[in-house]
Amino acid sequence: MSERFHEVAVTVNGEDVRERVDARKTLVDFLREELALTGSHVGCEQGVCGACSVRVDGVVVRGCLMLAVQCDGARVDTIEGVADSGEIADLQQAFIARNALQCGYCTPGMLLTAQELLARGGVPSRKQIRAHLSGNYCRCTGYQAIVDAVEAVAKTRAEAKR
Amino acid sequence: MRITDDSPPIVSALDRPNSYIGRSVPRPNLARLTQGRAQFVSDLTLPRMAHVAFVRSPHAHARIVAIATAAAAKAPGVVAVVTGAKLAKVITPWVGVLTHLKGIKSAPQYAIAIERACWQGEAVCAVVARSRAEAEDACELVEVSYEALPAVADPETALESGTPVIHPELGDNLTFERVHVGGDPDKGFRDADAVIETTFHFGRHTGVTNEPRAILADWNEGEGRLTVYQGTQAPHMMQNLFAKHLALEEHQVRVLTKDVGGSFGIKVHTYADEMATVALSKLLKRPIKFVADRIESFVTDIHARDHRVKAKIGVKNDGTITAWEIDDLTGIGPYSVYPRTSGIEANQIVNLTGGPYTCPNYRARARVVFQNKNVMCQYRAVGHPIATAVTEGLVELAAAKIGMDPLEMRRRNLIPDDAYPSSGPSGIKFEALSHHESLAHLDAMMDYAGLRAEQKRLRAQGIYRGIGFASFIEVTNPSAAFYGIGGAKISAQDGVTMRLDAQGALICHTGVTEQGQGAEAVIAQVAASSFGVPIERVRVITGDTDSTPYGGGTWASRAAGIGGEAAWQAGKALRANVLACAASILQAKPEHLDIRDGAVVDRDGGNERLPLHELARIAYFRPDTLPPGFQAELVATRHYVPRAWPFAFTNGVQASYVEVDRDSGFVKLLRHWCVEDCGTVINPQLVDEQIRGGVVQGIGAALFEHCIYDARGQLLNGNMADYLVPMAAEMPDIEVGHVVTPTADSELGAKGAGEAGTAGAPGAVMNAINDALRPLGAKPLTAMPFTPGRILQALGRISESTPT
Ligand code: FES
Ligand code: FES
């Protein structure tokens, strides 16, 4: 059994974490089950729905397609982290104002993925926003309110820069 | 930042000062959902909690010969391995029938199959372990020997004499049959100048809630109490069922529903694996958690919409519709789902077909049959998408046949707006609808004439665009006529208890539940308006059978219309109580006072007399200063159930604008419109977003979603990569407009809005595709989903036998 478990050192939302993890454990299960960070969700476990989206070393990945052991030495940011840091406060506010979430299950993944697009700067077209979010499944909203919210934030951020 | 809302606030007749009714107030519970601080059932853990995984039948139909559990029982982390026979000692089986669906029959269904597995995916053994991973590992070690039995897969042959009968004790595979004749259909067809006949097929599909079904059951042997955390739409219904089948009293069962990751009718039924989880908790005396994985969801979440409808319409050359006829056949799996039954969808198709129109001549037959596939039951807009697509498909085929514009055809046949009260061809009763006004609104909103001109221009360039419509009606605010009269313990009434807290805030407990649709916000808006406090001073508590008034929950678009009215009445009652108290403090007459913006004021002039926090302080902490004999009552409860009408029908019309690529068969959705009339609009933004989300679910049905089974009853695409759902890139923006015809059954006048989008969209998209392809001489497409392959077949570009 010994080779099944590995020690990993990960910086999660700025906190250093050391854990022995089962080699087969996915990153999202590790976050949810070992660290009780239940803001990242599980919808399909096969990389299709995007509910498990988290950031690893600054890049949004599917937490169900990456193993926890692969994150040794990495920096992982989850919705809890970006919410607490204030990084996406404007985006969260826009989602609330526009009712861009109904059940909210897709929302953490949606916010992180949208933030990745917004961080590139500029004002993406609605088509570009839709394309960027096309790997994140939302059963409730029909997507339009989400696109509206992301577009509104892109405009405000671009204006603030000017 | 400016966020636009294309629906202007609608001024309400409910003229309380500082009313929140008709305003797009943001939902109070959203912030935590955007911060990863929600509490979905899948997030919860309890001390001593164990996880269950199920061994599921790989066969559509098989006898269970033996189950060897010894190896699994010894596997790491395993707590127990439990077969159906063992579990049946703590939980009784159920039968999904209702007495008002005459003749409906089904067989007893067990929490875990005992002798036979009747569909691929039915649980045959449970493994409980300390982690889900260990439980799944041990499932691999359970050896089940099966004797495969012939599977009944095709509804078309389910009733033939050579087909095996799935439950021999029932005599045949017929679950339910309904025949209806209204008016004189034979004469109607004789009077027609043209009769159009076709067959519609609807793909079996499912809800794909983003959070799969999840339940955590905690039997506390010391307390003799069962606490169930469940993502459900109907906590009190589940409380009743858990008690009934575990031989408990209802007061021994508490169902708690916190955040639910999408429902849409999927989470309002009794699932065998959830019942098994609860029974395992009782058996093992510890908390047991079950979260369906996505593969399990596809083979066990209810499916819906698998219907074949032969349909016929008679029409005169002046556009008058003279008769309708439908013959519906649907396969619902091996059991009628408990307790709502699997007969309702077909029953609704009979009820709703032809519903928006004046022509009364109608013949309908619906047959519901058993088969060895996953069960089917009520999913968002139950039966409506089918009845609407059939009706509207027939109307547009008839219009094309006689060369009439499809909107003109509707103008000549829709029930006139001044003809109410009225009824549909099946006898369903309408209080007041607005088909013509809705149509006129849509016509203007979409610039129909301009769009037709554009379509014509582009056709000359070889670009094929189509415009399709669907007028629809929607059942909302159901009375006891839906389930109660059939013997199901599903409450049609709902209640709100309102309490003034010690600082003058308003605490509301309600039996309706929040599934993301915004019920909490709506209750808060109504409560704040009715009682008279700022909405920030209102807290709404839902989803707890220990503390909320007994109620039905959230389904059939009832939360706003029924829960909202209860909140309105409770607010009025509590206002009267509080004013009585204020009057005694102020030595005034209650009728001279009112509550506005959190303070007691003079009714005339609005002078502030006493802030509510001061009133609460006196009533709770210094009641000794109140006049002798006066007792303040700062809690009030009111209930509501519709009585004058069995249902509050809503109506509306949708339009779809599509472009079809002749070479690839791909359909591009360009624009979509919906005008709907849900009576008083409490929160325009929430209504619009219900419509949009619903439309997109309807588009999924029209273009993508299909549970594909082979002839042996095996689901071939039961995962999210192979079962296609609407994603952001392919969806259009959707414009929503409103007409407002309040129901007079309640003071609030609100009807439901949760299902209208899903009801109308598939028919509108179908009609748009056929409109696009008509000049190419394509055979009308009537089998959903309209995949590129099916479109190429209709265009004659690939052969009918090419698998699509
Ligand atoms: S759970 Fe990872 S993509 Fe769906
Ligand atoms: S809000 Fe429910 S899945 Fe997106």
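Quick note on labels: first sequence line is chain A, next is B, and so on, each numbered from 1.
Contact count versus chain B (heavy atoms, under 4.5 Å) is highest, among A:G47, A:G39, A:G142, for A:G142. When A:C140, A:C138, A:A83, A:A131 are compared by the number of non-hydrogen pairs under 4.5 Å with chain B, A:C140 comes out ahead. Between chain A and the residues B:Q515, B:R132, B:E705, the most heavy-atom pairs under 4.5 angstrom are made by B:E705. If you tally non-hydrogen atom pairs under 4.5 Å between each of A:L37, A:L101, A:D22, A:T78 and chain B, the highest count goes to A:L101. Residue with the most contacts toward chain B among A:Q92, A:M110, A:R130: A:R130 (heavy-atom pairs, distance under 4.5 Å). Annotation: maximal heavy-atom pairing with chain B below 4.5 Å, among A:C44, A:C103, A:G43, occurs at A:C103. Among the candidates B:L30, B:L686, B:T209, the residue making the largest number of heavy-atom pairs closer than 4.5 Å to chain A is B:L30. Taking chain B as the reference chain and counting heavy-atom pairs below 4.5 Å, the highest number among A:L133, A:L91, A:T38 is found for A:T38.
Below 30°, between 30° and 60°, or above 60°: for B:F40 and A:Y105 the angle between ring planes is above 60°, a perpendicular geometry.
Side-chain contact annotation: A:T107 with B:T34, donor-acceptor N/O pair under 3.5 Å absent. In summary, the side chains of A:Q102 and B:Q690 do present a donor paired with an acceptor at a separation below 3.5 Å, with no hydrogens or angles considered. Side-chain contact check for B:T300 and B:R213: at least one donor-acceptor pair (N or O, by modelled atom type) lies under 3.5 Å.
The CD atom of A:Q93 lies 11.5 Å from the CD1 atom of A:I88; values are rounded to the nearest 0.5 Å. Residue A:L112 holds its CG atom at 9.0 Å from CD of A:E116, rounded to the nearest 0.5 Å.
Taking the six-membered ring for Trp, B:Y723 and B:F298 have ring centres closer than 6.0 Å.
In this structure, no portion of B:N29 lies under 4.5 Å from any heavy atom of chain A. Interface remark: A:V147 contributes no atoms to any contact with chain B (heavy atom separation under 4.5 Å). For chain A, the nearby parts of B:V208 are the backbone and the side chain; heavy atoms of each come within less than 4.5 Å. Heavy atoms of B:A521 lying under 4.5 Å from chain A are absent altogether. Interface residue B:P212: only side-chain heavy atoms are found under 4.5 Å from chain A. Contacts between A:E80 and chain B at a heavy-atom distance below 4.5 Å involve backbone atoms as well as side-chain atoms. Interface residue B:S42: backbone and side-chain heavy atoms are both found under 4.5 Å from chain A.
Taking both residues in full, the closest heavy atoms of A:G50 and A:N136 are given as O-ND2, 3.4 Å, listed atom of the first, atom of the second, then distance.
Counting heavy-atom neighbours within 6.0 Å of A:E7 CD, excluding the residue itself, gives a total above 12.
Between B:D259 and the options B:R37, B:R32, B:E211, a side-chain contact (heavy atoms from CB on, under 4.5 Å) holds for only B:R32.
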